[in-house]
Number of protein chains: 2
Amino acid sequence: MKLITKQTDYAVRALGYLSGRGDTFISSGEIARAENIPASFLRRIMQVLIKAGIVAAREGKNGGVRLAVNPATVRMIQLIELFQGKIELSDCMVRKDICPNRRTCALRTKIQQAERRLFQDIGKTRLSELI
Amino acid sequence: MKLITKQTDYAVRALGYLSGRGDTFISSGEIARAENIPASFLRRIMQVLIKAGIVAAREGKNGGVRLAVNPATVRMIQLIELFQGKIELSDCMVRKDICPNRRTCALRTKIQQAERRLFQDIGKTRLSELI
DNA sequence: TTAAACTAATACTAAAATGGTGTCAGAATG
DNA sequence: CATTCTGACACCATTTTAGTATTAGTTTAA
């Protein structure tokens with residue numbers, strides 16, 4: 001059971017790398033080499049970050065990517081949801097039909113409690129705190 | 001992203017059912033019907049619980065399963081690890097070679113914090129609290 | 001003005017995890 | 001001895017995750 005997939009992990013590392021490089025555009029290739037991430041995989045990851053507005057891209061030679069926001073405004077929960085989808089915990093919260101005694105399902109309550117905590121802990125952590 | 005898979009979910013529901021039935025042996029089939037769980041799937045799940053010593057089985061006609069331990073001693077973390085494996089969070093904690101700057105990896109620290117909390121919240125929850 | 005170094009977009013494949021089924025054997029019971 | 005169970009697996013389908021590749025288009029610099 002993994003809480004953080006490679007995509008999220010790679011994204012954090014790439015963003016960390018970028019945050020140390022100011023305003024200059026860095027190529028995905030350079031990041032991939034430096035952080036030991038498969039290059040084409042990282043490119044796809046970058047495109048997600050670009051569409052999310054977290055990094056900005058510049059095409060062409062000497063192009064690349066750079067942070068588009070202050071690292072203090074990027075939260076782990078945003079990255080996790082971007083690459084792993086919303087935290088669902090268990091189907092019984094999503095597909096309400098499958099749990100016969102849903103109303104009194106105590107597991108559900110417990111799990112929701114845990115969810116709230118998880119949001120507090122890794123969720124609200126800012127990218128700036130990681131670098 | 002899911003914290004609880006169906007196997008774990010089914011296991012909890014089955015154990016909940018058993019906990020209301022005292023010392024008599026109940027067939028997997030009956031539990032499956034009552035809790036709306038695919039029968040053969042539940043059978044496989046029960047075998048795991050049996051091997052883990054959480055339920056005891058009796059073969060043959062009028063056989064079945066029953067709780068082998070006090071529900072208060074069964075913790076969610078045990079069930080999660082049984083069916084979903086240990087909580088690993090990210091590879092950078094497991095395969096120490098892949099993260100180049102592991103020593104100062106701040107994500108690692110944060111994630112470990114979250115892990116501890118997660119253990120407290122759903123992990124240490126007792127089966128008896130869920131039923 | 002063209003080659004080189006980039007991103008954009010997306011299709012594709014491989015591997016692993018998850019969810020679910022089926023079967024054959026053997027034990028207990030009535 | 002037929003029925004109702006578990007034991008022990010092998011098998012399959014689907015989804016998720018990881019990773020590769022390809023074609024097109026943009027920018028720059030020689």
Side-chain angles (χ1 to χ4, degrees), chain A residues 1-11 13-14 18 24-33 35-52 55-66 68 80-88 90-92 94-95 98, chain B residues 1-11 13-14 18 24-33 35-52 55-66 68 80-88 90-92 94-95 98:
Chain A
M1 187 207 188
K2 241 178 279 175
L3 286 185
I4 307 288
T5 64
K6 287 220 171 134
Q7 284 195 58
T8 309
D9 191 37
Y10 289 161
R13 307 230 294 259
L18 284 179
T24 37
F25 287 94
I26 315 288
S27 77
S28 296
E30 178 183 332
I31 305 172
R33 252 171 281 120
E35 295 288 335
N36 209 40
I37 300 169
S40 346
F41 197 24
L42 180 59
R43 286 244 48 247
R44 223 179 46 190
I45 290 168
M46 292 313 305
Q47 290 187 351
V48 175
L49 293 173
I50 289 160
K51 273 187 185 136
V55 307
R58 192 168 128 144
E59 289 182 57
K61 193 167 181 180
N62 295 339
V65 289
R66 70 178 179 195
I80 291 178
E81 289 187 348
L82 215 47
F83 294 103
Q84 302 174 223
K86 279 218 181 300
I87 296 178
E88 293 184 1
S90 158
D91 278 338
C92 104
V94 185
R95 300 194 38 225
I98 68 160
Chain B
M1 186 203 188
K2 241 178 281 176
L3 285 187
I4 307 287
T5 63
K6 286 220 171 131
Q7 285 195 57
T8 309
D9 190 38
Y10 289 161
R13 306 229 295 258
L18 284 180
T24 37
F25 287 95
I26 315 288
S27 78
S28 296
E30 177 184 333
I31 304 173
R33 253 171 280 121
E35 295 288 335
N36 207 38
I37 301 169
S40 345
F41 196 24
L42 182 60
R43 287 238 46 244
R44 222 179 47 190
I45 290 168
M46 291 314 304
Q47 289 187 352
V48 174
L49 292 173
I50 289 159
K51 275 189 183 135
V55 307
R58 191 168 128 143
E59 288 181 57
K61 193 169 182 180
N62 295 338
V65 290
R66 70 178 179 195
I80 291 179
E81 288 187 349
L82 215 47
F83 295 102
Q84 302 173 225
K86 277 218 182 300
I87 296 178
E88 293 185 0
S90 158
D91 278 338
C92 104
V94 186
R95 302 194 35 225
I98 68 159

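Naming convention: chains lettered A, B, ... in sequence-line order (proteins, then strands); numbering from 1 in each chain. This one's a predicted model, so the numbers in the text were calculated from it and none came from an experiment.
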Interatomic distance, A/K61 NZ vs C/dA5 P [rounded to whole Å]
6 Å
State, to 0.1 Å, how close A/R13 and A/E35 come at their nearest heavy-atom pair, and which atoms those are.
NH2-O, 3.3 Å
Reckon A/Q7 touches a base, only the sugar-phosphate, or nothing at all at heavy-atom distances under 4.0 Å?
sugar-phosphate
Which atom of A/P38 lies closest to which atom of A/Y10, heavy atoms considered
CD-OH, 3.9 Å
For atom CE of A/M1 and atom P of C/dT18, their distance in whole Å:
9 Å
Could you pull out the closest heavy-atom pair between A/A56 and A/A68, with the gap in Å?
N-CB, 3.7 Å
Heavy-atom nearest pair, B/A32 first then B/L42, reads N-CD2, 3.5 Å
Whole angstrom value for the distance that separates C1' of C/dG20 from CD1 of B/I45:
10 Å
What protein N or O atoms touch nucleotides 13-16 of chain D N or O atoms at under 3.5 angstrom, if any, and at what distances?
none

Separation of D/dT26 atom C1' from A/F25 atom CZ, nearest Å, is 13 Å
Between A/N62 and B/F41, which is nearer to the 5' end of DNA chain C once each is assigned its nearest nucleotide?
A/N62
Residues forming a side-chain hydrogen bond (donor to acceptor under 3.5 Å, both in side chains) with B/E30, sequence neighbours excluded:
B/Y17, B/R21
Could you check how far NZ of A/K6 sits from P of D/dT20, rounded to whole Å?
11 Å
Rounded to whole angstroms, how far apart are CG on B/L42 and P on D/dC5?
14 Å
So which protein nitrogen or oxygen atoms get under 3.5 Å of nucleotides 7-11 of chain C's nitrogens or oxygens?
from  : atom 1 : to    : atom 2 : distance (Å)
C/dT7 : OP1    : A/S28 : N      : 3.0
C/dT7 : OP1    : A/S28 : OG     : 3.4
C/dA8 : N7     : A/R43 : NH1    : 3.3
C/dA9 : N7     : A/Q47 : NE2    : 3.1

Show, in sequence, the C-alpha distance, side-chain angles and deciding distance for B/L49 and B/F83, and conclude whether the side chain to side chain contact (heavy atoms under 4.5 Å, CB included) test is met.
CA-CA 10 Å; B/L49 292 173; B/F83 295 102; 3.9 Å; yes
Interatomic distance, A/I4 CD1 vs D/dT17 C1' [rounded to whole Å]:
14 Å
Tell me, with the steps shown, if A/M1 and B/I80 meet side chain to side chain contact (heavy atoms under 4.5 Å, CB included).
CA-CA 9 Å; A/M1 187 207 188; B/I80 291 179; 4.1 Å; yes
Between B/L18 and B/M46 the two heavy atoms that sit nearest each other are CD1-CE, 4.3 Å
In whole angstroms, the gap separating P of D/dT17 from CG of A/D9 amounts to 14 Å
D/dA18 phosphate, OP1 or OP2, under 4.0 Å from A/Y10 side-chain N/O:
no
Identify the heavy atoms of B/I4 and B/Q84 that sit nearest to each other, and give their distance.
CA-OE1, 3.6 Å
